[in-house]
Q: 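Just passing along the structure, written as structure tokens.
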Amino acid sequence: MALTLEQKQAIVAEVAAIAATAPAAIAAEYTGLNVAKMTALRRSAREAGIYLKVVRNTLARRAFEGTQFDCMSSTLSGPLLLAFSNAEPGSAAKVIRDFAQDNEQLVVRLIALDGRLLDATEIENVANMPSLDQARATLLGLLQAPLGKFLRVLSEPEGKFLRVLDARREQLTK
């Protein structure tokens with residue numbers, strides 16, 4: 001079924017709007033997936049807040065113009081499924097990786113992260129990226145550790161003195 005010009009423009013505008021705000025995108029070949037498996041993939045993507053769309057490559061190229069995913073344009077070929085992450089860069093990679101582990105027909109072809117085109121084998125690294133909350137917690141832990149150690153060092157002489165006094169009191173009461 002051929003798309004009209006208006007339908008094509010609407011698809012390009014929709015994908016361009018998502019691409020303008022997404023931190024990461026994944027293009028995966030889906031040949032061989034039946035309708036039930038595609039429905040399961042779409043359901044898991046929807047639950048994770050991932051934008052998932054099958055788009056013709058020419059329309060995707062037009063949608064990527066002027067976005068950070070322009071680096072993917074020259075390598076788009078074959079039937080591809082586009083997955084755009086939400087606020088977390090690794091969220092789409094997690095959904096695609098988990099689904100591809102159970103379904104060999106879904107093969108990751110391209111990964112773009114912050115304007116850089118990554119090798120498809122990097123899916124594991126992108127999927128294991130910490131979320132924003134995890135990164136903040138790690139940073140706060142790193143910032144808090146030296147201060148905590150410094151306070152323990154400052155309070156140690158007083159604590160040692162109090163333990164000596166307590167030991168002496170115990171000797172005298174025996």
Side-chain angles (χ1 to χ4, degrees), residues 3 5 7-34 37-146:
L3 296 173
L5 180 62
Q7 290 171 326
K8 290 177 183 180
Q9 289 172 340
I11 291 171
V12 169
E14 178 184 352
V15 173
I18 295 296
T21 60
I26 297 175
E29 190 174 306
Y30 62 94
T31 305
L33 285 178
N34 59 27
K37 289 181 180 179
M38 282 295 284
T39 303
L41 175 60
R42 285 189 170 113
R43 185 179 307 115
S44 63
R46 189 174 30 255
E47 290 169 359
I50 306 304
Y51 178 82
L52 202 64
K53 186 96 170 155
V54 175
V55 181
R56 291 182 180 172
N57 293 332
T58 54
L59 298 179
R61 284 186 192 99
R62 289 189 180 169
F64 290 162
E65 287 176 6
T67 68
Q68 62 181 341
F69 303 115
D70 200 20
C71 60
M72 295 175 77
S73 295
S74 62
T75 53
L76 291 174
S77 66
L80 296 176
L81 171 78
L82 298 176
F84 292 94
S85 292
N86 52 16
E88 304 296 334
S91 58
K94 287 176 189 165
V95 170
I96 297 294
R97 176 200 60 191
D98 294 344
F99 191 82
Q101 286 175 347
D102 299 332
N103 301 286
E104 294 177 2
Q105 296 90 357
L106 187 68
V107 180
V108 176
R109 294 291 179 211
L110 302 168
I111 302 171
L113 180 65
D114 289 329
R116 293 178 310 162
L117 189 62
L118 303 176
D119 191 33
T121 57
E122 296 287 321
I123 186 82
E124 198 65 36
N125 294 338
V126 175
N128 291 333
M129 286 178 65
S131 69
L132 184 60
D133 290 338
Q134 291 170 335
R136 285 179 179 161
T138 302
L139 178 64
L140 287 176
L142 289 173
L143 292 175
Q144 184 181 6

Q: Is the closest side-chain heavy-atom distance between L59 and V15 below 4.5 Å?
A: no

Q: Does any non-hydrogen side-chain atom of L41 lie less than 4.5 Å from one of L81?
A: yes

Q: Show the nearest heavy-atom pair for residues A22 and S85, with the distance to one decimal.
A: CB-O, 3.4 Å

Q: Work out which heavy atom in A112 is nearest to a heavy atom in C71; give both atom names and the distance.
A: CB-SG, 4.1 Å

Q: How many angstroms lie between CZ in F69 and CG in L117, if you round to the nearest 0.5 Å?
A: 11.0 Å

Q: What's the spacing between R62 CZ and Q9 CD if we round to 0.5 Å?
A: 9.0 Å

Q: Would you list the pairs meeting salt bridge (charged side-chain N to carboxylate O under 4.0 Å, His left out) in which at least one residue belongs to residues 114-129, sequence neighbours left out?
A: R97-E124

Q: State, to 0.1 Å, how close A83 and L52 come at their nearest heavy-atom pair, and which atoms those are.
A: CB-CD1, 3.5 Å

Q: Above 12 or not: heavy atoms from other molecules or residues under 6.0 Å from CD of Q101?
A: yes

Q: Should S91 and I50 count as side-chain neighbours, where that means a heavy-atom distance under 4.5 Å?
A: yes

Q: Can you measure from CD1 (I96) to NZ (K94) and round to the nearest 0.5 angstrom?
A: 13.5 Å

Q: How far apart are the closest heavy atoms of N86 and A48, and which atoms are they?
A: ND2-O, 3.1 Å

Q: Show me, pair by pair, the donor-acceptor contacts under 3.5 angstrom made by side chains of residues 103-111, not counting sequence neighbours?
A:
| unit_1 | atom_1 | unit_2 | atom_2 | d |
| --- | --- | --- | --- | --- |
| N103 | ND2 | F99 | O | 3.0 |
| R109 | NE | E29 | OE1 | 3.1 |
| R109 | NH2 | E29 | OE1 | 3.3 |

Q: To the nearest 0.5 Å, what is the distance between OG1 (T75) and CG (L80)?
A: 9.0 Å

Q: Would you give the length of the straight line joining atom OG1 of T58 to atom NZ of K8, rounded to the nearest 0.5 angstrom?
A: 7.0 Å

Q: Please report the shortest heavy-atom distance between I26 and A92, naming the atom on each side.
A: CD1-C, 3.8 Å

Q: With under 30° as parallel and over 60° as perpendicular, where do the rings of F84 and F64 fit, or are they tilted in between?
A: perpendicular

Q: Side-chain contact test, heavy atoms from C-beta onward, threshold under 4.5 Å: evaluate it for K53 versus E14 and give yes or no.
A: yes

Q: Just wondering, do R42 and V54 contact through their side chains at under 4.5 Å, heavy atoms?
A: yes

Q: If you take all heavy atoms of L143 and P146, which pair is closest and at what distance?
A: O-CD, 3.6 Å

